[in-house]
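Take a look at the structure below.
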Protein chains: 2
Amino acid sequence: MPVTLKQLAARAHVHPSTISRVANHDPGQRIAPVTRQRIEELLRETEYRPNGVARGLKLRQTLVLAVVIPDITNPFFAALFRGVEDGASPHGYNVLLCNTDGSPERQRSHLQSLHARQVDGVILASSFLKDPAVRWLRQQRIPYVLVNRYSDQAHDPFVGSDDVVGARLATAHLAALGHERIGHLAGKATVSTGVLRRRGYLAALSERGLSTDPRLVIESGYTEEGGARAAQQLLSLDDRPTAIFAVTDMTAVGAFGAARRMGLRIPQDVAIVGYNDIPLASRMVPALTTVHVPIHDFGSAAARLLLEQVETGEPSRRRVIFNPELIVRGSTAAGAGDEPRLPTIGAKLR
Amino acid sequence: MPVTLKQLAARAHVHPSTISRVANHDPGQRIAPVTRQRIEELLRETEYRPNGVARGLKLRQTLVLAVVIPDITNPFFAALFRGVEDGASPHGYNVLLCNTDGSPERQRSHLQSLHARQVDGVILASSFLKDPAVRWLRQQRIPYVLVNRYSDQAHDPFVGSDDVVGARLATAHLAALGHERIGHLAGKATVSTGVLRRRGYLAALSERGLSTDPRLVIESGYTEEGGARAAQQLLSLDDRPTAIFAVTDMTAVGAFGAARRMGLRIPQDVAIVGYNDIPLASRMVPALTTVHVPIHDFGSAAARLLLEQVETGEPSRRRVIFNPELIVRGSTAAGAGDEPRLPTIGAKLR
DNA sequence: TAAGATAGAACAATCGTTTGTTCAATGCAA
DNA sequence: TTGCATTGAACAAACGATTGTTCTATCTTA
């Protein structure tokens, strides 16, 4: 059992409040230098650490944040979490991690639990458009930041990238390689990234004067399995696309598998572009061309935005938007292979 | 601000303790049915949830666990964490995640912070042999479970696999394929998995009557970079090994990269085996032969062992040991490729 | 030397719950 | 009607820390 203020007070023959004042360097009360010395020695000797729970109760501040995501085994969210912890830890915060598997019920139940625990703030990385959970967070006055996906109601504090721009980069790259039938493994219409990346895809097509065949857009969700299923469907069309833009790298991974199983070569038979540039992307064979976003920075920026709110006590409406960058790799290169090729069109080579 | 017991008491014209008793179905005190009804209705209407911090202070139980690992972006630890959360969440626990990057100082500082926060227990997945942090946990009487790596002092509660057996499986497999010079990218001598897997490797060699050239064992650590560096060194030897057993999949990934950069084909020029069977292993090209361990189960078993201690108040010395299984894939198969092949017993490769 | 200022520490309330104890009112039996 | 159970709810003391207020010496100053 750790030592308490009261026990120390008894040992030092002073009142607990005196110990507390020394421990906290309370400027509101003078302490005789000799007493201070004596108590400081005692604190060092006993390695006193204030009980965080009691402190949290009194100060109404727990120094605990929470990150709510679909699934930490998805490398995107793992990198995001690291960013959050790296941003919050130096300020004395610990971070709870909650996986929802994309289920609104689990999300809801986690949030309720977090609220009861009095966490100081929440980073939500899987919100839906018009997400009731977000509305709830706001009306409970729990500081929060949305990451990657936003919820369209009002103006939430948000960290992400410009999904329309990113998707347009990806699609334009395929078009510039000469592809005329470009498919899209799309996200859901209930999620901002789904809507915006689809919009960017369509915008790029029309800018290039390419027709937009609705059969070339299939909703895949965000899992590898969903990507595989949707890609298989897409590649079974009579006039199948020669290129695919997948809404995330994980769906692109699924598409890789589907293409392989159908005996199609990447990129000769079908070129594939992903989104996010997760670590796996550069290790695939061929390496995946994708839209790079600074995932770790998403996390630390979100932590910053959150701590800002926690410390001022004011809700924020700041948005931090990073610029997506196209990374050209083997999955779209003119000549197939493991190694990156020359980028086309102002793309960055990694 | 959430509603408190006192506020509810005022609204219901009863004493706070009465509300608390209704909310907790306290069997130690009779409540008049009519009063109970009235209060239950009020609880429902206001969606009352007890303040977890206050509750934690009074009951000395926070319903918070912590997982301390080197790095969540390592897929092994991500899967492990999922296991822990899946095991703990149904019992009402939330889980803090702490990344140490393998630094004893950061580990120490995290543990201190967790202790001050009064977490109910800690799952430690990166302990060293004779780890002072483990000793500290014990003497602070903080319930803990070690995962994957153990600390040799006394008999800690532990979840893992039999590393000697696993390493022997892997090495024997390479020997059975006809390899006679088998290298080892070894873990550190300060870590149980490092010692035991090396032991298993050596045991397999001597069982097969193969010589054990000390130059074929190079310490690589557990990172991709370390694996790449060590593999490059190994493969630069005059009589370089024709096969490598890497202490983890991530080091094997590093070895893949090094081999590629040296123009060596896998498995024709060098066969590679990893350990852990992380999701990435099966997606590499060629897919990685590896020793499968049930990572997610590690996590949930650890949660079980921990909750057991938390609930009984007794430290445990139980150990849960899973059996490792060899998964043969393309990185050691006679014919290279994405798909698993049958191992060709006794066939010379070069 | 008396009055007032000041230093230094104790006091006490509070955060929101839980839970053993006390207390008032009712019921029943003698 | 008195006495004693029994019921149902209030009371109060924690849990461990923080912080405004009060109190008691000691020290100035006139």
Side-chain angles (χ1 to χ4, degrees), chain A residues 1-40 42-43 46-64 92 113 115-120 140, chain B residues 1-40 42-43 46-64 92 113 115-120 313:
Chain A
M1 218 52 49
V3 64
T4 75
L5 225 44
K6 208 194 289 187
Q7 293 166 344
L8 290 181
R11 282 188 53 177
H13 303 106
V14 296
H15 195 268
S17 61
T18 307
I19 311 261
S20 169
R21 292 193 149 104
V22 172
N24 296 325
H25 306 96
D26 182 347
Q29 171 73 53
R30 267 176 303 262
I31 306 285
V34 49
T35 320
R36 177 186 299 283
Q37 297 271 323
R38 188 161 51 97
I39 293 180
E40 273 170 351
L42 188 63
L43 291 177
T46 58
E47 294 185 334
Y48 170 75
R49 311 238 157 233
N51 179 316
V53 177
R55 207 157 200 270
L57 178 59
K58 176 64 186 176
L59 299 182
R60 321 173 136 281
Q61 213 210 7
T62 51
L63 294 179
V64 172
S113 161
H115 188 37
R117 276 191 196 340
Q118 314 279 112
V119 299
D120 290 337
Q140 301 294 329
Chain B
M1 218 50 50
V3 64
T4 73
L5 226 43
K6 207 194 290 187
Q7 294 167 341
L8 290 181
R11 281 187 55 177
H13 304 106
V14 296
H15 194 267
S17 60
T18 307
I19 312 260
S20 169
R21 293 192 147 106
V22 172
N24 297 326
H25 306 96
D26 182 348
Q29 173 72 54
R30 268 176 301 263
I31 306 284
V34 49
T35 321
R36 175 184 301 282
Q37 297 270 324
R38 189 161 51 97
I39 294 180
E40 275 171 350
L42 189 61
L43 292 176
T46 57
E47 294 184 334
Y48 170 74
R49 311 238 157 231
N51 179 317
V53 177
R55 206 156 200 270
L57 178 59
K58 177 66 185 173
L59 300 182
R60 317 169 137 281
Q61 214 211 7
T62 52
L63 295 179
V64 173
S113 162
H115 187 38
R117 274 190 198 337
Q118 315 278 112
V119 300
D120 290 337

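We name chains A, B, ... by the order of the sequence lines, and we start the count at 1 in each one.
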Next on the checklist: Please classify the nucleic acid contact of B:R21 as base, sugar-phosphate, or nothing, using heavy-atom distances under 4.0 Å.
Outcome noted: base

Next on the checklist: Base, sugar-phosphate or nothing for A:L5? Non-hydrogen atoms, less than 4.0 Å.
Outcome noted: base

Item to check | Residue whose closest nucleotide on DNA chain D lies nearer the 5' end, A:K6 versus A:P16 | outcome: A:K6

Next on the checklist: Using a 3.5 Å distance criterion without hydrogens, assess whether the side chain of A:R117 forms a donor-acceptor pair with backbone atoms of A:T62.
Outcome noted: no

Item to check | Donor-acceptor pair (no angle test) under 3.5 Å: A:T4 side chain, D:dC15 base | outcome: no

Next on the checklist: Of the listed nucleotides (D:dA10, C:dC15, C:dA9), which one gets closest to any side-chain atom of A:K58?
Outcome noted: C:dC15

Next on the checklist: Applying a 4.0 Å non-hydrogen cut-off, can you work out what B:D26 is touching in the nucleic acid: base, sugar-phosphate, or nothing?
Outcome noted: nothing

Checklist outcome for this item: Whole-Å distance, A:Q29 CD to D:dC23 C1', equals 12 Å

Checklist entry - Could a donor-acceptor pair under 3.5 angstrom be found where the side chain of B:R117 meets the base of D:dG16? => result no

Checklist entry - Among D:dG8, C:dG16, D:dG16, which is the nearest nucleotide to the side chain of B:A32? => result D:dG8

Item to check | A:R49 side-chain N/O to A:P2 backbone N/O, donor-acceptor pair under 3.5 Å | outcome: no

Checklist entry - Any side-chain N or O of A:N24 under 4.0 Å from OP1/OP2 of D:dT18? => result yes

